[in-house]
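Working notes for the structure below.
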Amino acid sequence: MQPLIERTLHDGRSVAELVFAPLAKAKAPLEFVDVGARNGSFILPPTYAARSRITGFEPNPAEYKKLVTGRTDSILAGAKEPPFAERRYFPYGAWSEDGPRTLYRTTGPGAVTLTAPADETMTKNMFRANDRGVSYFDRHQRLLGTETIQCVSIDGLWDKADPYIDILKLDVEGGELEVLKGAKQLLSEKRVLLVLAEFLSAPYYTPRVTLGHQHVFLDDLGYRLIALESEQSSYCSGQTRIEPSNDRWLKYAGDAIYVLDPDRNVLTPEVSYGLGLACLAMGFGGFGLN
């Protein structure tokens with residue numbers, strides 16, 4: 001479904017033209033932060049991305065090189081990334097504190113993590129339909145090696161002169177809570193408007209952080225959970241001949257969307273407007289307009 005912000009009205013004007021009009025004189029772009037930007041950033045509507053600066057983090061050197069040269073796996077496969085007003089990428093990991101940390105390289109580039117090696121017993125017993133009889137461990141999580149990389153906290157990196165982050169996206173293979181801890185000052189100051197964070201329901205990393213841990217952390221800081229999404233493949237615990245279409249398979253991960261709660265916080269008109277635009281960008285039409 002096309003987001004409301006991308007639609008055209010009967011008089012020929014676009015919704016984006018109307019909702020962005022109050023910001024037309026402002027020179028500063030919207031701020032979109034993508035932690036784990038490995039494959040490119042595709043979640044924003046073009047009209048929103050075109051008015052945004054993307055700040056991306058990718059600690060895996062091979063994937064970082066693909067990112068900065070515009071040759072990510074997704075782009076080479078034909079995916080079209082929306083146009084951003086400005087781009088900046090950092091070859092660091094985002095974490096709860098600055099300093100060196102071990103990067104765990106895995107058979108699947110999307111499973112590379114700063115958290116820990118995946119629990120072999122659990123992931124060897126996870127079978128997804130599209131992995132064709134190969135366990136999740138062998139297809140994606142088998143450890144190939146390690147290296148030491150530099151990590152930074154978002155609080156430490158973010159320019160104090162920048163007012164706020166409009167959308168903060170986290171996809172870091174079990175380390176989302178640590179990244180949030182590294183942005184606690186910004187979150188406490190209500191300078192992050194919308195958070196999109198991947199979560200695990202099958203806790204195959206140690207420490208075993210799941211959706212509940214993220215939710216409590218953000219709820220305590222005044223954020224409201226508004227959506228749970230699960231586009232990741234389902235899995236069966238153990239192999240089976242029952243097709244997923246004739247069975248109820250398990251979900252191991254998803255994405256949670258949080259917003260600065262407008263009923264629990266006193267928001268300035270500027271912050272309210274930015275929050276509304278971020279919600280429109282993520283498809284929440286009525287909520288965003290209100």
Side-chain angles (χ1 to χ4, degrees), residues 1-35 37 39-56 70 72 74-88 162-171 190-199 218 222-232 254-290:
M1 180 172 57
Q2 185 184 42
L4 177 61
I5 200 171
E6 294 287 282
R7 298 180 194 173
T8 301
L9 301 174
H10 294 298
D11 62 5
R13 294 178 299 169
S14 68
V15 173
E17 180 184 347
L18 294 177
V19 298
F20 284 114
L23 303 180
K25 296 181 181 179
K27 300 295 183 182
L30 299 166
E31 298 287 358
F32 172 61
V33 176
D34 190 350
V35 184
N39 232 351
S41 301
F42 302 93
I43 67 168
L44 296 182
T47 52
Y48 192 94
R51 295 167 171 84
S52 303
R53 175 175 70 167
I54 178 173
T55 299
T72 67
S74 290
I75 291 174
L76 292 179
K80 292 186 177 180
E81 196 175 33
F84 287 93
E86 186 180 342
R87 297 172 184 266
R88 62 174 181 173
D162 290 333
Y164 47 78
I165 295 172
D166 294 272
I167 298 176
L168 173 60
K169 172 183 167 285
L170 311 177
D171 183 356
K190 319 305 178 191
R191 292 173 61 200
V192 180
L193 306 187
L194 183 147
V195 177
L196 170 64
E198 187 179 57
F199 65 86
L218 286 169
Y223 287 80
R224 180 191 299 184
L225 175 65
I226 62 170
L228 294 175
E229 299 175 342
S230 187
E231 296 182 359
Q232 283 89 343
D255 294 299
I257 301 177
Y258 299 85
V259 296
L260 188 56
D261 195 326
D263 296 321
R264 295 170 57 201
N265 299 282
V266 178
L267 308 182
T268 66
E270 180 186 17
V271 169
S272 293
Y273 208 90
L275 177 58
L277 292 174
C279 290
L280 284 170
M282 298 306 298
F284 300 97
F287 182 48
L289 289 176
N290 288 337

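In this chain, residues are counted from 1 in sequence order. Because the structure is a prediction, the values reported are computed rather than measured.
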Leu277 to Tyr48 - nearest heavy-atom pair and separation
O-CE1, 3.5 Å

Sorted by chain and number, sequence neighbours left out, side-chain hydrogen bond (donor to acceptor under 3.5 Å, both in side chains) with Arg191 holds for Glu189

Closest heavy-atom contact between Leu30 and Phe20?
CD1-CE2, 3.7 Å

Please list all pairs passing the side-chain hydrogen bond (donor to acceptor under 3.5 Å, both in side chains) test where one or both residues lie in residues 269-280, with sequence neighbours left out.
none

Kindly compute the distance separating CZ (Phe42) from NZ (Lys80), expressed to the nearest 0.5 Å.
12.0 Å

What are the two closest heavy atoms between Glu86 and Pro29, and how far apart are they?
OE1-CG, 4.4 Å

Would you say that Ile167 contacts Leu44 through its side chain, given a criterion of any heavy-atom pair below 4.5 Å between the two side chains?
yes

Rounded distance [0.5 Å steps], CD1 in Ile54 versus CZ in Arg87:
6.0 Å

Look at atom CZ of Arg7 and say whether more than 12 heavy atoms of other residues, nucleotides or ligands are closer to it than 6.0 Å.
yes

Quick check: closest heavy atoms across Pro82 and Pro46, and the distance to 0.1 Å?
CB-CA, 4.1 Å

Enclosure of Glu231 CD (heavy-atom neighbours >12, cutoff 6.0 Å):
no

How close do Pro3 and Pro45 get, heavy atom to heavy atom, and via which atoms?
CG-CG, 4.2 Å

Residue pair Met282 / Leu196, side-chain heavy-atom distance below 4.5 Å:
yes

Would you mind reporting whether Phe84 and Ser41 have side-chain heavy atoms less than 4.5 Å apart?
yes

Leu260 and Leu267, any side-chain heavy atoms less than 4.5 Å apart
yes

Validation row: Lys169, Phe32 side chains within 4.5 angstrom (heavy atoms)
yes

When you measure from the side chain of Thr72 to the backbone N and O of Asn39, does any donor-acceptor pair fall under 3.5 Å?
yes

Between CD of Glu229 and CD1 of Ile43, what distance do you get to the nearest 0.5 Å?
9.0 Å

With a 4.5 Å cut-off on side-chain heavy atoms, are Tyr258 and Val192 touching?
no

Does any part of the side chain of Val259, heavy atoms only, come nearer than 4.5 Å to the side chain of Phe284, both counted from C-beta?
no

The residue among Leu280, Thr47, Leu4 that forms side chain to side chain contact (heavy atoms under 4.5 Å, CB included) with Val15 is Leu4

For Leu225 against Ala227, the heavy-atom pair lying closest together:
CD1-O, 3.5 Å

If the condition is salt bridge (charged side-chain N to carboxylate O under 4.0 Å, His left out), which residues does Arg224 pass it with, not counting sequence neighbours?
Asp261, Asp263

Taken to the nearest 0.5 Å, the spacing of Ile165 CD1 from Leu194 CG works out to 11.5 Å

